[in-house]
Amino acid sequence: MQHLKNCPVCGHEKHRYFLTCQDFTVSQEKFTLVKCNNCNFCFTNPRPDAQDIVKYYQSEKYISHSNTKKGLFSFLYQNIRKRALAEKINLIADFIKNIKPETENVSNINILDYGCGTGEFLHACQEKKWQVVGIEPSPEARTQAEKLTGEMIFTEIDSIQKEIPDNTFQVITLWHVLEHVHELRDTLIYLYELLAQNGVLVVAVPNHASYEADYYKEFWAGYDVPRHLYHFTPKTLNNLMQNIGFEVIQQYPMPYDAYYISLLSGQYKNGYKNYLHATWKGFQSNQHAKKNEGNYSSVLYVIKKRMYYGL
């Protein structure tokens, strides 16, 4: 197990106990969450190292890697993902218009999807004629992504830097990926270098300041230990990005996540899926977020380089 002595965001040496959560997906083991005494950032500590954590992804229950369609829950997940995927593509298209409003040649739009999973987002980008690059450490998911896109998918960010120059990508996306990355600061620094000066970094992460996180507590599926190494709020995410040299310029809600996470959280707490209760809790969470600083179950952040804005 890997013990972090310093806060991944501010580097402070002191942290305090916050919560103990169970891995309900694979191992049934329990893991401790701590909070930094200085910046209040929450992270899993201790945690499996980069080699040992692989076994915690080896389950058909982990849908983003297995892409299974078995059962009602997987069926609903796949259909919601299709709708969310269309919204992501529309959002990226709007960003591209702002980055290069004069261009009619979309072939020079380069997009990197970090943690591309089984490749659905990359494939949707290809249908828009954008140039795509993917990074995915999971061999099983990477194989599916390569088959779907017809492209070689990189295994890690170090390998991509050797082949692709800095300032290449107009858009870099991390769809529920940043919370999984062991080398948090180093990875963001790499992405900073790869991002074009006027490009956008798009990051979606769970928000443990949301209503249903407080309601379900240690059963909240958004903690997803030990696969989720970090547990962000809008404030701590902003702090992290500023420390790297980025600036969060916009936030968007991800309302579908409240229903999905509530369904899983209820199952973890009670031992079965209650679709009606999850729908109600998801609705409550989204309504609560509208009145409380946008604290949705998951939040999508649009981020740019500070130096580009002269900040």
Item to complete: Please confirm whether the backbone N or O of Phe24 pairs with a side-chain atom of Gln22, one donor and one acceptor, at under 3.5 Å?
Response: no

For residues 36-44, dump all side-chain donor-acceptor pairs below 3.5 Å to protein atoms at least two apart in sequence or in another chain.
from  : atom 1 : to     : atom 2 : distance (Å)
Asn37 : OD1    : Arg16  : NH1    : 3.4
Asn40 : OD1    : Arg16  : NH2    : 2.3
Thr44 : OG1    : His228 : O      : 2.9
Thr44 : OG1    : His231 : NE2    : 2.9

Practice prompt. Treat each ILVMFWY residue as a node, draw an edge where side-chain heavy atoms are under 4.5 Å apart, and state whether Leu4 and Met1 are in one component.
Written response: yes

Discussion item. Within the structure provided, determine whether Ile92 and Lys128 are in side-chain contact (heavy-atom separation under 4.5 Å).
Written reply: no

Discussion item. Is it the case that over 12 heavy atoms from other parts of the model lie below 6.0 angstrom from the CD atom of Glu127?
Written reply: yes

Worksheet entry | Side chain proximity check, Thr32 to Tyr17, heavy atoms < 4.5 angstrom | yes

Worksheet item: Does some side-chain heavy atom of Leu300 sit less than 4.5 Å from a side-chain heavy atom of Leu91?
Response: yes

Worksheet item: Of the non-hydrogen atoms in Asp23 and Val225, which two are nearest, and what is the gap between them?
Response: CB-O, 3.3 Å

Worksheet item: Which word best sums up how the rings of Phe31 and Tyr56 line up, parallel for under 30°, tilted for 30 to 60°, or perpendicular for over 60°?
Response: perpendicular

Discussion item. Are His288 and Tyr215, when compared by the centres of their aromatic rings, separated by less than 6.0 Å?
Written reply: no

Worksheet, complete the sentence: When every non-hydrogen atom of Leu188 is compared with those of Phe246, the smallest separation belongs to O-CE1, 3.7 Å

Worksheet entry | Sidechain-backbone polar pair: Asp113 side chain, Val132 backbone, donor-acceptor under 3.5 Å | no

Worksheet item: Are the side chain of Glu146 and the backbone N or O of Ile153 linked by a donor-acceptor pair below 3.5 Å?
Response: yes

Discussion item. Side chain to side chain contact (heavy atoms under 4.5 Å, CB included) for Gln251 and Asn238? Distances and angles first, verdict last.
Written reply: CA-CA 11 Å; Gln251 294 179 201; Asn238 272 271; 3.7 Å; yes

Worksheet item: Of the non-hydrogen atoms in Asp49 and Gln2, which two are nearest, and what is the gap between them?
Response: CA-OE1, 4.2 Å

Practice prompt. Of all the heavy-atom pairs spanning Asn198 and Lys304, show the shortest one and how long it is.
Written response: O-NZ, 3.3 Å

Worksheet item: Are Lys281 and Gln284 linked by a side-chain donor-acceptor pair shorter than 3.5 Å?
Response: yes

Worksheet item: Given Tyr230 and Arg47, is the side-chain hydrogen bond (donor to acceptor under 3.5 Å, both in side chains) satisfied, shown in steps?
Response: CA-CA 10 Å; Tyr230 317 104; Arg47 68 193 194 182; 3.1 Å; yes

Worksheet entry | Main-chain N/O of Gly134 paired with Glu151 side-chain donor or acceptor, under 3.5 Å | no

Discussion item. Please check: side-chain N/O of Arg142 versus main-chain N/O of Glu140, any donor-acceptor pairing under 3.5 Å?
Written reply: no

Worksheet item: Is there a side-chain contact between Glu87 and Tyr256, using heavy atoms and a 4.5 Å cut-off?
Response: yes

Worksheet item: Just by distance, with hydrogens left out, do Asn274 and Lys269 show a side-chain donor and acceptor under 3.5 Å apart?
Response: no

Response to the item:
From the list Phe18, Phe232, Trp220, ring pair (Phe, Tyr, Trp, His ring centres under 6.0 Å) partner of His208 resolves to Phe18

Worksheet item: Do Trp175 and Val202 touch side chain to side chain, with heavy atoms closer than 4.5 Å?
Response: yes

Worksheet item: Transitively linked via ILVMFWY side-chain contacts under 4.5 Å: Tyr114 with Val54?
Response: no

Fill in: Closest non-hydrogen atom pair between Leu148 and Thr118, with its separation
CD2-O, 3.8 Å

Worksheet item: In terms of side-chain heavy atoms, does His176 have a donor or acceptor partner in Asp257 at a distance below 3.5 Å?
Response: yes

Fill in: Spacing of Lys305 atom NZ and Ile249 atom CD1 [to the nearest 0.5 Å]
14.0 Å

Practice prompt. For side chain to side chain contact (heavy atoms under 4.5 Å, CB included), just list the numbers for Trp280 and Ser262, CA-CA rounded to whole Å, side-chain angles, deciding distance to a tenth of an Å, and then say yes or no.
Written response: CA-CA 9 Å; Trp280 172 239; Ser262 292; over 6 Å; no

Worksheet item: Just how far is it from atom CH2 of Trp130 to atom CG of Leu122, taken to the nearest 0.5 Å?
Response: 11.5 Å

Discussion item. Between Val181 and Leu229, does the side chain to side chain contact (heavy atoms under 4.5 Å, CB included) criterion hold? Intermediate values first, please.
Written reply: CA-CA 7 Å; Val181 176; Leu229 308 175; 6.0 Å; no

Worksheet item: Donor-acceptor pair, Asn207 side chain versus Val299 backbone, under 3.5 Å?
Response: no

Worksheet item: Less than 4.5 Å apart, any side-chain heavy atom of Gln242 and any of Glu247?
Response: yes

Worksheet item: If two hydrophobic side chains count as joined below 4.5 Å and joins carry through other members, does Ile261 share a cluster with Leu33?
Response: yes

Item to complete: First locate atom NZ of Lys217, then atom OH of Tyr223, and finally report the distance between them rounded to the nearest 0.5 Å.
Response: 9.0 Å

Worksheet item: How close do Gly115 and Glu136 get, heavy atom to heavy atom, and via which atoms?
Response: C-OE1, 3.4 Å

Worksheet item: What distance do Cys116 atom SG and Phe154 atom CZ have between them, rounded to the nearest 0.5 Å?
Response: 11.0 Å

Discussion item. Using a 3.5 Å distance criterion without hydrogens, assess whether the side chain of His12 forms a donor-acceptor pair with backbone atoms of Cys7.
Written reply: no

Worksheet item: Taking the side chain as C-beta and beyond, is there a heavy-atom pair between His182 and Ile53 under 4.5 Å?
Response: yes

Item to complete: Using only heavy-atom distances, determine whether the side chains of Glu212 and Ser297 contain a donor-acceptor pair under 3.5 Å.
Response: yes

Fill in: Validation row: Phe219, Leu264 side chains within 4.5 angstrom (heavy atoms)
no

Discussion item. Quick check on the hydrophobic clustering: are Leu201 and Leu240 connected, directly or via other members, by side-chain heavy-atom contacts under 4.5 Å?
Written reply: yes

Discussion item. To the closest 0.5 Å, what do you measure between CG (Asp166) and OH (Tyr190)?
Written reply: 11.5 Å

Practice prompt. Let me see the working for Thr187 and Leu178 under side chain to side chain contact (heavy atoms under 4.5 Å, CB included), right down to the final yes or no.
Written response: CA-CA 9 Å; Thr187 298; Leu178 192 62; 5.5 Å; no

Worksheet item: Do side-chain atoms of Ser265 reach the backbone of Ala221 as a donor and acceptor pair under 3.5 angstrom?
Response: yes

Practice prompt. Measure the spacing between CD1 of Ile164 and CG of Asn110 and express it to the nearest 0.5 Å.
Written response: 8.0 Å

